[in-house]
Number of protein chains: 2
Amino acid sequence: MNKQRVTVKEVAKRANVSLGTVSNVLNEPSRVAKTTRDRVLKAIEETGFVRNTAARQLRGAGSKAVGIVVLDSSNPFFTEIIRGAEDALREEGYVLIACSTDESQAVESQYLSLLEEHRVEGILITPSTKDLSRINALTQKGLRVVLVDRKTKRKDICSVTVDDVYGGTLAVEHLISKGHRRILFINGPQTIRQCYDRRAGVLSAIEKHRNIDPDVTLLEFEVPSLTLSAGENASLQVLSCSYDFTAIICANDLLALGVIRTCSKLGVKIPKDLALVGYDDITFASMVSPSLTSVRQPQQELGSQAAQLLLDELREKNHKHQEVRFSPTLIPREST
Amino acid sequence: MNKQRVTVKEVAKRANVSLGTVSNVLNEPSRVAKTTRDRVLKAIEETGFVRNTAARQLRGAGSKAVGIVVLDSSNPFFTEIIRGAEDALREEGYVLIACSTDESQAVESQYLSLLEEHRVEGILITPSTKDLSRINALTQKGLRVVLVDRKTKRKDICSVTVDDVYGGTLAVEHLISKGHRRILFINGPQTIRQCYDRRAGVLSAIEKHRNIDPDVTLLEFEVPSLTLSAGENASLQVLSCSYDFTAIICANDLLALGVIRTCSKLGVKIPKDLALVGYDDITFASMVSPSLTSVRQPQQELGSQAAQLLLDELREKNHKHQEVRFSPTLIPREST
DNA sequence: ATTCATAGTTGAAACGTTTCAACTTCTGTG
DNA sequence: CACAGAAGTTGAAACGTTTCAACTATGAAT
């Protein structure tokens, strides 16, 4: 078992050339005469030489590594984003370091330090707090940062976001076009940015239509968390109180799945008795019965766009910082 | 914007000590007098010095990076594994590089090269082919490799796997204990190792019980892919042919979800008319109605154990290579 | 035959650490 | 007061690359 790593020096000796020539073959092949080049390539082949990124980096090349810091890499939303970024980066020979913070300040901080030590060329991040000071410190040091699913007023940082306000209006527009007038919105705590924005979209769309048709009304119900059981509880309360509505919009699909479960227990028929729109278009939205109409966010694209922005920032001297905003789309299914 | 990185030299100058002392503070603090140490730490603090992993690595320290190569990092099965590995590695100051191959040889090969260039200390991998020659080449070079969800006869490689055979018997045992005698097994192509193994477990359990009670019988149905629609089709065919069985085992949860959909359309009541067991215990197994009894694999643990094995291999001089095999567990729910 | 440009090649220096042998100070002992 | 040993500190060398000024060889033009 040969644990000795092959170096440029060895390749050079075997090919009877100097270090510099081997390096030239690797980096600027046109500078080297064809016969020499072939000899060197053969030597590389034979020795199994592999470039050492660390040494290159020390000499000024980039680390060819990028970090992605998210709340939870096993959460489907981030999973897709990571995948999108990974693919975009691989094409350029970059490698992606995955970091899950679980919203813990301490872990986020540890990861950012590790990434700094590794001298990653850039970081894609969904910050776990409102406070961007740690991130500012990084950009101060010249590290490139792209915010994912988070905006900032600073004009010197790129960001990619999804338009949650628009997503809210999409849901309302869809229901109204299906003839619904009295809509219930089951939302999570408004301290969550997404919930706040989606509600804003719902409200503005309702407002707009009420100007035309005064029958259009909105009921609201706030739940403490965006979970299946919260959806079950909410729909149970709301259906037994005989509120007056013909459709429900949920702030995410889990809530909507809870509503479906309650309805099937209570014998409420979807979509006949009640229409239902979810949000996120998780994989299983299409698999439940009835399948769930939902607002889809282009997650893979979010990730790949974030990576593209970062790459552009790394390459282009006169890179323009920008905020890329994606629009969600409504996927109509059986539940409406 | 100060893009100049701080080096040990600068810290040393500011603290009025030599390079060596700064290094000692970093690596062997007890060797340095307290007053000096404090002075150096203060200088580190003030300058915002961050160690350069690349330079350390060049001097012999490890790269403090590990790669994980899977078929698809956005597939929930791998997602959990990655997460498990990530956490275990972070605790030891390691960083995890995520690589999705989509079962492409070319991509796998590219990633392995990138990981080699980065001199990762080890690789966790679910090989995309039966052929382990590329991996052998890596271990030849002294790279540590741990196989994930894949066995090998070689005794010099660690692996973590789940006992799919046992999972198959678990499903059968559960149904038999619930009083079922005539069971249908909907399986995928046996070229997939998991399908092959699960079937072996099902067969042996059936065999065992038939020796006691000759009424115990197994029907089999093979579908081309492990998808929801394949499950729908299979159950449609099988239910309309009025085969004689009271329970179904599906080779994975997607198939089982398909069965549930068909049953709800045909008015077949689960579990009254028909019991159903899935495999994988995907998140939504607990969310559908009726909720799905399923065989769960300890994915996070798989990932963290793989990472632990790797770390042990990196640290312990006399590391024992081993194959760790996890047992799945059956999660009973409404569908049985 | 001489000069000049071009193409190809060389090897020392530099990148930011860690290591280690050598050095300096300090402390306590006889 | 001399000395040994311990405790603390130093700085050159090394890790594996890339860069670049300097060098050599090869023709082409005069």
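Computed from a predicted structure; not experimentally measured.
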Separation of [X] atom [atom1] from [N] atom [atom2], in whole Å?
X	N	atom1	atom2	value
A/N24	D/dT18	CG	P	9 Å
B/K9	C/dA14	NZ	C1'	10 Å
A/E117	C/dT18	CD	P	10 Å
A/L58	D/dA14	CG	P	17 Å
B/R119	D/dT17	CZ	C1'	11 Å
B/K34	D/dT9	NZ	P	13 Å

Within the pair [X] and [N], is there a side-chain N or O less than 4.0 Å away from OP1 or OP2?
X	N	answer
A/T36	C/dG8	no
A/R56	D/dT18	yes
A/R51	D/dT18	yes
B/S18	D/dT10	yes
B/T21	D/dT10	yes
B/N27	C/dT18	yes

Which heavy atom in [X] sits nearest to a heavy atom in [Y], and how many Å separate them?
X	Y	value
B/V66	B/Y94	CG2-CD2, 3.8 Å
A/V69	A/I123	CG2-CG2, 4.0 Å
B/L147	B/P127	CD2-CG, 3.9 Å

| request: Please figure out whether A/L19 or A/R31 has its closest DNA chain C nucleotide nearer the 5' end. | output: A/R31
| Under 3.5 Å, is there an N or O donor on one side and an acceptor on the other linking the side chain of B/R59 and the base of C/dT18? | yes
| query | Could B/R134 and B/E108 be called an ion pair, given the rule that one side-chain N must be under 4.0 Å from one carboxylate O? | reply | no
| query | Looking at the side chain of A/N52, which of C/dT18, D/dT17, C/dG16 is the nearest nucleotide? | reply | D/dT17
